[in-house]
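Okay, so here's the structure we're looking at.
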Amino acid sequence: MHPRNAMLIATLLGQIAFGLLAMMICLPSMQQWGAIFGAQQATVQLTFSAFVLAYGVFQLVYGPLSDRFGRKRILVAGMSVATFGSLLAALAPDLPSLIAARVVQGAGSAAGMVVGRSMVQDLFQGPQRTRVMAYVGMAMGMCPPLATIIGGSIHVRVGWQANFVLIAALSVVLLVVSVRVLPSRPPAPAPASHWLADMGAAYMRLAREPVFLWYVMVLSLTTATFYAFLAGAPIVLGGYGVGPEGVGWYIMVVPTTYIVGNYLTSRLIRSQGERRMMVLGQIATLCGLALMLGLGMTGFDSPLAFALPLVLLGIGHGFLMPPSLAGTVGVVPALAGSAAAVAGVTQQLAGAATGYAVGLLPASGPLPLGWLMVALTLGAVAAQVLLHRR
């Protein structure tokens with residue numbers, strides 16, 4: 001690979017991964033924010049939900065703006081906002097200020113995801129584009145465990161504020177590198193109609209497609225199941241005596257096996273087909289959750305009894321997500337960009353709602369979290385049944 005192409009790909013991966021790093025790096029600290037700020041756990045969970053909500057909603061905004069005004073201009077604006085939000089979070093004197101700062105941070109971080117994915121489509125063609133998208137999937141799969149391991153270590157050694165300082169510094173580095181490395185794309189010619197009118201028409205068209213809606217439901221509930229795990233795992237593990245420094249090692253079970261599931265899907269999709277891979281994904285997910293609940297109900301209370309059964313959940317989600325994503329953007333090919341935006345925002349909204357709901361669960365081991373994840377998965381199964389009937 002030419003060194004310039006390697007640097008270009010690395011920069012795009014950094015932009016796409018940045019939002020997930022900013023989202024996840026403070027998860028270990030959430031164990032102790034309740035005590036630090038004198039707040040209920042449900043309020044602490046708002047720091048996660050607020051970021052996810054802003055991160056999802058602003059993707060809908062940045063997409064059409066980058067089409068009209070150019071990718072780099074929107075990226076510079078978004079990363080500047082992310083830097084400001086990260087510094088606000090580091091200086092937050094109380095929990096409401098921290099929640100507000102996370103909203104600003106999430107709103108800015110959304111630009112990297114949208115512009116990064118758009119530029120992969122702009123700059124690469126054919127097999128090379130597929131290869132770059134494979135790198136994107138691997139990077140996004142590794143972000144949650146790496147972020148939580150790094151975040152927990154920094155929390156213990158320096159303090160929770162240092163994680164936000166690190167994210168602010170990373171956003172500045174990515175901003176400088178992106179300005180130097182990413183090519184400029186001229187803005188699209190202004191159409192006769194306003195961009196808001198065009199965007200609204202596209203979204204209304206998609207809303208009239210039942211198949212699209214069922215695909216989005218499968219994606220959203222599957223994502224919500226994963227976010228329930230991310231938001232609830234630090235609480236459950238804290239009950240077992242696992243502190244901020246050790247949380248990431250258990251959380252990494254699901255994202256790592258998710259990568260394995262994606263790899264297996266790439267090898268099996270031609271022989272098994274999308275429908276069968278989605279069915280296998282749901283079966284693996286439910287088996288993993290059933291095993292976790294079974295161990296919990298029979299008295300096997302330990303971090304490993306909680307985390308190891310979710311190997312099956314990670315693999316199952318790796319079977320589910322690629323065909324679901326492909327189906328979402330393939331229902332109306334001419335509106336693939338709008339379809340991707342709708343899928344992205346609904347996934348984040350579902351994740352934000354679930355992240356808050358986790359804070360309302362009783363802190364009594366893995367069973368309440370496990371039953372919530374089962375309920376979300378069964379909702380995805382129901383949507384998938386309706387989808388396949390269509």
Side-chain angles (χ1 to χ4, degrees), residues 137-138 140-145 214-233 236-237 250-269 272-297 300 303-328 343 346-348 350-351 353-355 357-358 361 365-389:
M138 293 175 66
M140 293 180 69
M142 289 307 299
C143 278
W214 292 128
Y215 268 124
V216 169
M217 188 67 70
V218 172
L219 282 173
S220 299
L221 291 172
T222 302
T223 301
T225 305
F226 177 56
Y227 275 35
F229 167 74
L230 290 177
V236 174
L237 293 169
Y250 292 96
I251 284 181
M252 72 184 300
V253 167
V254 174
T256 303
T257 52
Y258 174 73
I259 295 174
V260 174
N262 273 272
Y263 173 77
L264 292 174
T265 298
S266 70
R267 306 290 293 182
L268 297 172
I269 192 68
Q272 300 299 316
E274 292 186 354
R275 177 178 296 193
R276 182 171 293 182
M277 291 305 301
M278 292 178 69
V279 170
L280 291 174
Q282 298 290 15
I283 291 172
T285 299
L286 288 170
C287 286
L289 290 171
L291 181 57
M292 184 192 77
L293 287 170
L295 290 173
M297 288 187 289
F300 288 90
L304 288 178
F306 167 64
L308 284 182
L310 298 182
V311 165
L312 291 173
L313 181 141
I315 292 174
H317 283 192
F319 289 169
L320 268 169
M321 295 300 278
S324 299
L325 286 166
T328 301
T346 52
Q347 286 176 272
Q348 299 303 324
T354 304
V358 166
L361 297 175
L367 296 183
L369 177 63
W371 286 118
L372 174 62
M373 295 170 70
V374 167
L376 293 168
T377 301
L378 290 177
V381 170
Q384 189 168 315
V385 169
L386 293 170
L387 167 67
H388 290 163
R389 284 183 177 177

One pair to check against side-chain contact (heavy atoms from CB on, under 4.5 Å): Leu376 and Thr222. What are the steps and the verdict?
CA-CA 7 Å; Leu376 293 168; Thr222 302; over 6 Å; no
Go through the steps to decide whether Leu304 and Tyr250 satisfy the test side-chain contact (heavy atoms from CB on, under 4.5 Å), and finish with yes or no.
CA-CA 8 Å; Leu304 288 178; Tyr250 292 96; 4.0 Å; yes
Check step by step if side-chain contact (heavy atoms from CB on, under 4.5 Å) holds for Leu219 and Thr346.
CA-CA 8 Å; Leu219 282 173; Thr346 52; over 6 Å; no
Step by step, work out the side-chain contact (heavy atoms from CB on, under 4.5 Å) result for Tyr258 and Ile315.
CA-CA 5 Å; Tyr258 174 73; Ile315 292 174; over 6 Å; no
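Atom CE of Met277 is surrounded by more than 12 heavy atoms from other residues, nucleotides or ligands within 6.0 Å.
Between Cys287 and Ile283, some side-chain heavy-atom pair lies under the 4.5 Å cut-off. Phe306 has its side chain within reach of Leu369: a pair of non-hydrogen atoms, C-beta onward, lies under 4.5 Å apart. You'll find the side chain of Val311 stays beyond 4.5 Å of the side chain of Val260, heavy atoms only. Leu387 is not listed as a side-chain neighbour of Met217, based on a closest heavy-atom distance of 4.5 Å or more. Side-chain contact between Leu313 and Thr225 is present, with at least one heavy-atom pair separated by less than 4.5 Å.
Here the straight-line distance linking atom CZ of Phe226 with atom CG of Leu310 works out to 11.0 Å at 0.5 Å rounding. The SG atom of Cys143 sits 12.5 Å away from atom CE of Met252, with the distance rounded to the nearest 0.5 Å. Summarising the geometry, atom CD1 belonging to Ile251 is positioned 11.5 Å from atom OG1 belonging to Thr256; distances are rounded to the nearest 0.5 Å. One finds the CG atom of Leu289 at 9.0 Å from the CG atom of Leu378 (value rounded to the nearest 0.5 Å). Annotation: the span from His317 atom NE2 to Phe229 atom CZ amounts to 11.0 Å, rounded to 0.5 Å.
When all heavy atoms of Thr354 and Ala228 are compared, the closest pair comes out as CG2-CB, 3.3 Å. Summarising the geometry of Gln384 relative to Val279, their closest heavy-atom pair is NE2-N, 3.4 Å, with the distance given to 0.1 Å. Of all non-hydrogen atoms in Gly351 and Tyr227, the two that sit nearest each other are CA-CD2, 3.3 Å. The heavy-atom pair separating Gly261 from Phe319 by the smallest distance is O-CD2, 3.7 Å. Of all heavy-atom pairs between Met292 and Ala305, the closest is CG-O, 4.2 Å. Nearest heavy atom pair, residue Ala350 against residue Ser220, reads CB-O, 3.6 Å.
Without hydrogens or angle criteria, Thr257 side chain to Val254 main chain gives a donor-acceptor distance under 3.5 Å. Between the side chain of Thr265 and the main chain of Gly318, a donor-acceptor pair closer than 3.5 Å is present.
Side-chain contact check for Thr285 and Thr377: no donor-acceptor pair (N or O, by modelled atom type) lies under 3.5 Å.
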